[in-house]
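Data first, discussion second: the structure below is written as structure tokens.
Numbers for residues simply follow the sequence, beginning at 1. Heavy atoms only: backbone and side chains are in, while hydrogens, waters and symmetry mates are out.
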Amino acid sequence: MFDIFKRCISPAHSEQSQGSSSKSRSLWPKSFFKSPSMRPTQPTSSPPLAPSTAHSRGETALDEPKSSAQQATTTTTSLDQSRGLASNPPEDSQTMPKTASTQLETVEKELGDWTPKTQEGQWIDQFKLTLEDELDKLIQLSKEWLVRKVADHEDEKTHITGTFEHINEARVQFEPAIGIRVFKSVYNMESALRELLFNRLTPSKIADHKYHLEGQEEQCVQRKVCTPGTRVCILGGIVTWAKNTSSGSPNVYWLFGQAGSGKTTIAYNVARHFEFAGNPNNTIILGGNFFCSRQFEESRLSKCIIHTVVHHLALKCREFADQLSDFNTVNQSVHAQLKDLLMGPWQASKPARCHDPSKPPLHYLIIIDALDEIDGTGGSKFLQELLNALDKNENCLQGLKFFVTSRPDPNLVRHVDSLKSKQLYRLEEVPPEEAQDDIRTYLMAELPHFAGGEEIKGLVELTARLFIYAATVMKYLVTCGQSEQQTFLTTLLASSNSFNLQSLSNRMPFTLLDTLYSQILNEAFCDFIPEEKEWKDRCSILHTFLCTTEQTSTSVVADLLFTSDYTDVAEKLLSDLHAVLYREDGRVLAYHKSFSDFIFTEARSGNFWCDQAKHHRLLAESCFQSMRDGLRFNIANISSSFVLDVDDPGLADAVKLNIPLVLSYSSRNWSYHLSAAAPTIPDGLHDSISDFLQLCALFWIEAMNLLGLHGLCGSMLRTAHDWVMSSQGSFSLAECLTEARSFALYFSGSGASSSTPHLYISALATWPRNLEPCRGWKTHFPRIPSFTSASLGGTLLMTLNVNSQVIAVAVSPNGKHIVSGSYDNLVQGHKNWVTSVAFLPDGKQIVSGSNDSSVQVWDFGSLYIREMISEKHTGWLLSPDGQHRLVFVSPEFLLPDASNILTIPRSSCSSVDFVHAALGPHWKECYCL
């Protein structure tokens, strides 16, 4: 945009300024600026004119005219120089229109067809319109000049000065507007760049309280503010603590509460309060938050917490954001993230945040909800790292306050108790009357047609201060009509009348929650009798929903336990249990962990109890059965061994087609269920593992490679080995698992894994040990390349089996190669025995004689060549033309350069023989059952 004001244009001929206004606008003289040195001191005032000089034709001029060369070097179209026009306008009436026309021409020329739809377009149009109007005035003055002559000189001069003052005023308005716009553009680009850098933190979106949950997500994780009038005291206490930024206020507030006590709702309320309070006098605002949930991967991993919180804080605190530079620790340990992403930058930002001693710096609240929902022991380890950082580096984190919620897990409680400065609150310590009032308010808001009735009163007593109880009732009732709600509540309250409600309120609240879960289950199983097959089948489906290592679909559960014909049974059960289970992206999940806890505790769930160790044994057997039935050689029907998996366009679809979901699940998770299964003596799982190792394990490695998970094979076989040893299995079985694990690691760590057929052609062919089960596997693959390892050889350097009597042998002049003639017509081209062979003196050609009455000359060539990258051998042996990958042999095996005859190495080395190998399109022939 700015280039249009800085271009030098040669002056046009004077006659181009003559004629009509419209014509003069289409012509492009040079510039209306007289000299680069002219600058107005007061743009809107008219300075005195210099004495005029009369020319021979009676015309007046303010200055002596300059040559074209002089004008070309002293004129410019810069906006800055238009300031001199008002104070020193051109006095030659013939050049005035050309001067203004040049500026207009430059603007139009540079704009071309560009018509911006923004504010800049309005500014440019206004500037252009001013030039056009003033140009019209100058043209009129030029036409009248000869008539008015000297008599009207002063008046003429006033008109000229006024014209250029108007142009200057337009420039004055145009220039700062454009400058401000440039500043805004630069600021926006800087903000966009900063946002791009912050995105390297890869924050969890769903863990943010502002993330909009909808559909299945909303069913999975419900984040709602507290019903108005509830949790007043506890929320007031949290807000008071957060706003107290004095040095004596604890920087950690820990809220403990059992499952379903409403911790997340309280945390969500606090987050919304400090995010959207909008009070400019607030001493603290929400700096960052992370709402943990085991329902989503990105919200149940401890490594995601810090970089999500840091991302939020950087968007709120510019001084902190300016100190962020090292994003390499994003995927490192929690300790490294705390040090390099939070503590270090926060401490470094202190001078900028606290630059004004008279004004207290703003504090930031960090909220971490449901820390117990983090996978495994991740929550406990994260907490330990965080508390250690707070204890040992308290000064480094001044200005930050942490509000954290969790269940009263013993490990978490122990860590929190060790913290010096903290404030604790246990929801079970809420006065009973206060908790009941809150739940009553909630129920009346959700069930207004029962307000004041006995149903609300009974429900309040049944909840025993457990919000999850009331929330679960509401989940069940939301799909029912009012009459159905009445029937359900009547039944629920009647089933509880056998208990003393007063005594129940003083007992563990699980009792009341268990009553609710039991009623939901009893209604779902009401058509069946315990111990009958139908009952057991449905219990098995329910238990599998809760026991699988990853949430899976009804069809996979049915296939795993029975057959696909049972999918409708699983679907019906899921529908009947909609109050406690739901489906997301085809996967079945539980709304709350308290339901799983109920099912896994025999004393609580009774007939619905899941013996996890026993059920995992069932699932392990089912996985082995699924793999025995489904796995096979070349399961994806790969057509050639010459092609890498990544270069096979149809492979991904073939994998989906030939490895169904149940087989994929079994292949990925059999070791998990095995590790959780309780051993028995005798143990049928030992037999299943032994059968698996016969040949199925090799096909399993193939399937895992196609699924992109070959790296897991070693650890899964190690898990199986440890389970066999702990269950007093045979030592020989454990040794076989160790050998299979070593082979799996050998394959997954080599380049052979980039082409699945080379599991057999390369990895199995070059496996150096002769132990079970690999030894047995090789018997099924007679047409893979023959490989001899230097580590297993003796004094014989190598042997070339030609499968026929050798008649003639010749050695190359350099002593490195041998050629043989034999009865089997090994040298191709002859139709009868090859009876004589010889090298030419240069060693580049071979002559052969045969009983077919012919002598033939052969170019000497290699059986294979090495693939080299950066002068290093990759391990791949290529066909002589370099087009096909024959086999992968690790460079550590010291394989020599090869010829189609034989290479004699200088020392012991390995060798590979392709004589009987089935390669390329024929690779499938390498296997026989």
Side-chain angles (χ1 to χ4, degrees), residues 201-204 207 238 241-242 249-259 261 263-264 266-267 270-271 287-294 296-313 326 328-347 364-428 593 597:
L201 292 169
T202 59
S204 168
I238 295 170
W241 161 81
S249 176
N251 55 1
V252 175
Y253 189 114
W254 205 281
L255 180 67
F256 284 120
Q258 58 202 1
S261 55
K263 303 181 297 296
T264 295
I266 293 173
V270 174
N289 68 104
F290 193 94
F291 280 69
C292 308
S293 172
R294 68 181 70 244
F296 307 102
E297 181 175 1
E298 63 182 274
S299 60
R300 65 168 179 258
L301 299 177
S302 60
K303 67 179 183 180
C304 296
I305 298 177
I306 291 299
H307 53 77
T308 298
V309 167
V310 166
H311 182 271
H312 294 170
L313 185 59
D326 184 6
N328 295 324
T329 57
V330 166
N331 293 315
Q332 296 182 15
S333 66
V334 171
H335 175 79
Q337 290 187 42
L338 278 169
K339 178 183 176 183
D340 297 336
L341 293 179
L342 183 59
M343 291 189 297
W346 184 254
Q347 179 69 9
Y364 297 87
L365 177 64
I366 307 298
I367 296 177
I368 302 174
D369 174 61
L371 193 55
D372 55 280
E373 292 274 314
I374 294 296
D375 268 356
T377 60
S380 178
K381 292 179 180 178
F382 171 84
L383 176 60
Q384 185 176 7
E385 293 287 353
L386 176 62
L387 297 185
N388 286 342
L390 291 172
D391 259 351
K392 298 177 181 179
N393 306 277
E394 185 174 356
N395 293 332
C396 292
L397 294 175
Q398 283 184 347
L400 297 179
K401 304 194 79 170
F402 294 84
F403 176 70
V404 187
T405 76
S406 74
R407 294 186 189 182
D409 180 274
N411 291 327
L412 297 177
V413 173
R414 184 174 64 255
H415 291 315
V416 174
D417 285 341
S418 67
L419 185 63
K420 298 174 184 177
S421 177
K422 59 186 180 286
Q423 184 166 336
L424 301 181
Y425 194 98
R426 290 178 170 82
L427 285 176
E428 55 265 31
K593 186 178 182 296
D597 295 340

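Of all heavy-atom pairs spanning P250 and Q423, the tightest one is CB-N, 4.0 Å. A pairwise comparison of heavy atoms in C292 and I374 identifies SG-CD1, 3.8 Å as the closest pair. The heavy-atom pair separating W254 from S406 by the smallest distance is NE1-OG, 3.1 Å. When all heavy atoms of K339 and P345 are compared, the pair lying nearest together is O-CD, 4.2 Å. N289 and A207 make their closest contact through OD1-O, 3.6 Å (heavy atoms, listed as atom of the first residue, atom of the second, distance). Between E385 and V334, the shortest heavy-atom contact is CB-CG1, 3.9 Å.
For the pair V404 and L383, the minimum side-chain heavy-atom distance is 4.5 Å or more. Contact of the L201 side chain with the L341 side chain is registered, since non-hydrogen atoms from C-beta on lie closer than 4.5 Å. L386 places none of its side-chain heavy atoms less than 4.5 Å from the side chain of I305. At least one side-chain heavy atom of W241 sits under 4.5 Å from a side-chain heavy atom of K401. Using a 4.5 Å heavy-atom cutoff, the side chains of I266 and L255 are in contact. Between L397 and M343, the closest side-chain pair of non-hydrogen atoms falls below 4.5 Å.
Counting only distance, with no hydrogens or angles, the side chain of T405 and the backbone of A370 share a donor-acceptor pair below 3.5 Å. Looking at Q337, its side chain does come within 3.5 Å of a backbone N or O of K303 through a donor-acceptor pair. When atom types are taken as modelled, the side chain of S299 and the backbone of S293 share a donor-acceptor pair closer than 3.5 angstrom.
Remark: Q347 engages C396 in a side chain to side chain contact (heavy atoms under 4.5 Å, CB included) (not counting sequence neighbours). Judged as a side-chain hydrogen bond (donor to acceptor under 3.5 Å, both in side chains), and not counting sequence neighbours, T308 has no contacts. Listed by chain and residue number, D369 satisfy the side-chain hydrogen bond (donor to acceptor under 3.5 Å, both in side chains) test with T264 (two or more places apart in sequence, or in another chain). Contacts of Y425 classified as ring pair (Phe, Tyr, Trp, His ring centres under 6.0 Å), with partners at least two apart in sequence or in another chain: none. By the side chain to side chain contact (heavy atoms under 4.5 Å, CB included) test, N388 is found to be paired with Q384, residues two or more places apart in sequence or in another chain being considered. Every residue two or more places apart in sequence or in another chain that forms a ring pair (Phe, Tyr, Trp, His ring centres under 6.0 Å) with F403 is listed here: Y253.
Remark: F402 CZ to L365 CG distance equals 9.5 Å, nearest 0.5 Å. F290 contributes atom CZ, which lies 7.5 Å from atom CD of E298 (distance to the nearest 0.5 angstrom). Once rounded to the nearest 0.5 Å, the distance linking SG of C304 with CZ of F382 reads 11.0 Å.
In the displayed structure, E297 atom CD is contacted under 6.0 Å by at most 12 heavy atoms of other residues, nucleotides or ligands. For D417, the CG atom counts as densely surrounded, since its 6.0 Å shell holds more than 12 non-hydrogen atoms of other residues, nucleotides or ligands.
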- [ ] For L342 and L400, run side chain to side chain contact (heavy atoms under 4.5 Å, CB included): C-alpha distance rounded to whole Å, both residues' side-chain angles, the deciding distance at 0.1 Å, then the answer.
- [x] CA-CA 11 Å; L342 183 59; L400 297 179; 4.1 Å; yes
Is there a side chain to side chain contact (heavy atoms under 4.5 Å, CB included) between T329 and I306 once you walk through the steps?
-> CA-CA 11 Å; T329 57; I306 291 299; over 6 Å; no
